[in-house]
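Quick notes on the structure that follows.
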Amino acid sequence: MRALRQSMTSLHTWTGLLFGWLLYFVFVTGTASYFDTEIDRWMMPELPAFVVAEDPVPAFALAISHLQTHGADADYWFTRIPRDRNYSPYISVQWSGGKSSGNAELDPRSGEVLSGARPTRGGQQLYQMHYHLHYMPENIGQWIVGLASMFMFVALITGIIVHKRIFVDFFTFRPGKRQRAWLDAHSVSSVITLPYQLMITYSGLLFLMTFYMPFIVTAHYGVNEQGRPDTRTMFQEMEPVQQSFQIDSAGQPAPLADIMPLVRQAEQRWGDGTLRFIQVYHPGDANARIVLADNIGENPIRNLRRLVFDGVSGELLQESGKVRSGSKVTYDVMTGLHEALFAGPVLRWLFFFCGLMGTAMVATGLVLWTVKRRQTLEAGRQVSLAGLRTVEKLNVATIVGFPIAVAAYFCANRLLPVDMPGRADWEVHTLFLVWAAMAAHALLRPTRRVWTEQLGVAAMAFLVVPVLNAVTTERGLVQSISAGDWVFAGFDLTMIAIGLAAGATSLAGRATS
Amino acid sequence: MLALLAFMAGYGGLSLLALSMSRHRRQVSLTAPRIQTIQPKAYTLTGYALLAIALVISLSIWGTGNGLVMWVGQLTLASLLLVLHLAFAPQRLPATSVASLVVFALLFLVSGT
């Protein structure tokens, strides 16, 4: 039994150490991604505040008329209306194929095309980096994050095995002695959020399961013309309703059925407020199909209900619910829990809190490693000093340095000139340049001072974000609160809260050292 | 309002489960020696009962999928609050524990479910 515990401890320590900094990056970007669309909104202050489309009929009417005007020659139409914080808060229209393609965002109140937003990657950039990193092909990034996630799972399981007194120590946090405090912090942050940590790691891997385990697809469905696993056939089998609308055009013109009665049908069938988007395949053709789909954020099952109508007669051809098979709904629930599209405001903040705890779990683990070895050193025993110093510097450069870089990303959004070429890319470059600067600072400064200094920088970086917002736009904190714009106000207030927390920690560190 | 009801039940239940452990009873009983007179099993049973009540309330407010997630999320937050409470102000735990149960009872009566 003791040998098992020893080997599990080694495995836990080594996987945690080697992948810890990367996992910290994944956790910070992932936690921020719970508010990805809110961050998008904040980073495009030129666009109007979010307005929920209570009655879908006028919103869809605006969208369809826009499509009829601009996409008359297209082969595929798509439109989505805003119902909640997921996706765009404006009416989205896209048309492609045939002789024209394009897209636009429309103001839900007037149908006017929205424009003038500064070029930015917004919160989506943080979300994308979360699973495929940056400055490398997406495949490579996905593999690296996947590897880190697999070892994260190993770290979780070995941590559970190693933590002998997992139930007795559930509520125990002893802030007195240094090493014990860090160990307790690491255990507590992991154990109280253990359901979340296990879920988030496993479901994250599930999202890209056909990427990480392609041979299972090949074994059942073979390969396609490019020699890649035939996931297309697999998805068609998982969603048989697709066969009723993914058909070729007939080549014969026929007038498109009136869509608005279909919208009312969907509202009646599914209840008010659930219809989310409409797709039209081959508008104006005899084989046209109109597909109405519901809001993916109804509950944790990450799947859509669909109504498929004949595009000429308006007759209902097929209806599909959220649940297919046992294995598909398991996948849909797991991925749904990971992405948390279904989470309303309270639940979303709870998820955010759990993400912060996960971030703390990784950070306290990394610090614990150095604290243990420092104490071993002070006790007079042998320790690799080069290794210890490297880890200490990498720790502060990542744990404090990376959040500073994220704050710099938001600052760059307000500071870079709106008409600067490559502006969106340069916001991201700013993030990584500042991170590199923090790493250099960590390298050059004495280890004892680095934490308090970088925490001080973090405090300033986060507190300056709402200041820049107030100075460079008309949507500062005071204006947001008086306008009831809780997306903007919430963002600014969160920046202030993080800045104050960093500042308080920095001052506390200064006092004790 | 109803969310608070579920949270109070969860927090109350978890604090009773904490008190079912001797180390936490010792921390807390310095100013409230009566804590030690109650059987540990009583704490355990009522603690789990309150967690179950919190689950039932969550499920009835938000449905199955959302309700389960809310329950776990609220218990997670409540656990952290208890950890910090026990670490920095253990003597006040009986007071806050009773307060949470009183608030729970009041909200239960007011909500009429």
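In what follows, chains are A, B, ... by sequence order, proteins preceding strands, each numbered from 1.
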Which answer fits [X], side chain, backbone, both or neither, if we ask what part of it has an atom under 4.5 Å from a heavy atom of chain B?
| X | value |
| --- | --- |
| A:L337 | side chain |
| A:P195 | side chain |
| A:M199 | neither |
| A:V191 | neither |

### Task
Give the member of B:L82, B:L17, B:V69, B:L86 that has the highest number of heavy-atom pairs under 4.5 Å with chain A.
B:V69
Segment of [X] engaging chain A (4.5 angstrom heavy-atom cut-off):
| X | answer |
| --- | --- |
| B:V72 | side chain |
| B:M70 | both |
| B:L14 | both |
| B:Q27 | neither |

### Message
For the CZ atom of B:F7 and the CG atom of A:L350, what is their distance to the nearest 0.5 Å?
### Response
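With rounding to 0.5 Å, CZ (B:F7) is 8.5 Å from CG (A:L350).
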### Query
What is the distance from atom CG of B:L75 to atom CD1 of A:I192, rounded to the nearest 0.5 Å?
11.0 Å
Between [X] and [Y], is any pair of side-chain heavy atoms under 4.5 Å apart?
| X | Y | value |
| --- | --- | --- |
| A:T172 | B:H24 | yes |
| A:F171 | B:M21 | yes |
| B:N66 | A:E298 | no |

### Task
Under 4.5 Å, counting heavy-atom pairs only, tell me which of A:F170, A:F351, A:Y196, A:F173 racks up the most with chain B.
A:F173
### Task
Take A:D169 and B:R23, measure what side-chain contact (heavy atoms from CB on, under 4.5 Å) needs, and give me the verdict at the end.
CA-CA 10 Å; A:D169 278 359; B:R23 74 163 69 164; 2.7 Å; yes
Whether over 12 other heavy atoms sit under 6.0 Å from [X] [atom1]:
| X | atom1 | value |
| --- | --- | --- |
| A:R180 | CZ | no |
| B:R25 | CZ | yes |
| A:K328 | NZ | yes |
| A:W451 | CH2 | yes |

### Task
Would you please test B:T76 and A:F353 for side-chain contact (heavy atoms from CB on, under 4.5 Å) and show each step?
CA-CA 9 Å; B:T76 307; A:F353 160 69; 3.9 Å; yes
### Heavy-atom closest contact (A:P175 atom, B:A87 atom, distance)
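Minimum heavy-atom separation between A:P175 and B:A87: CD-CB, 4.2 Å.
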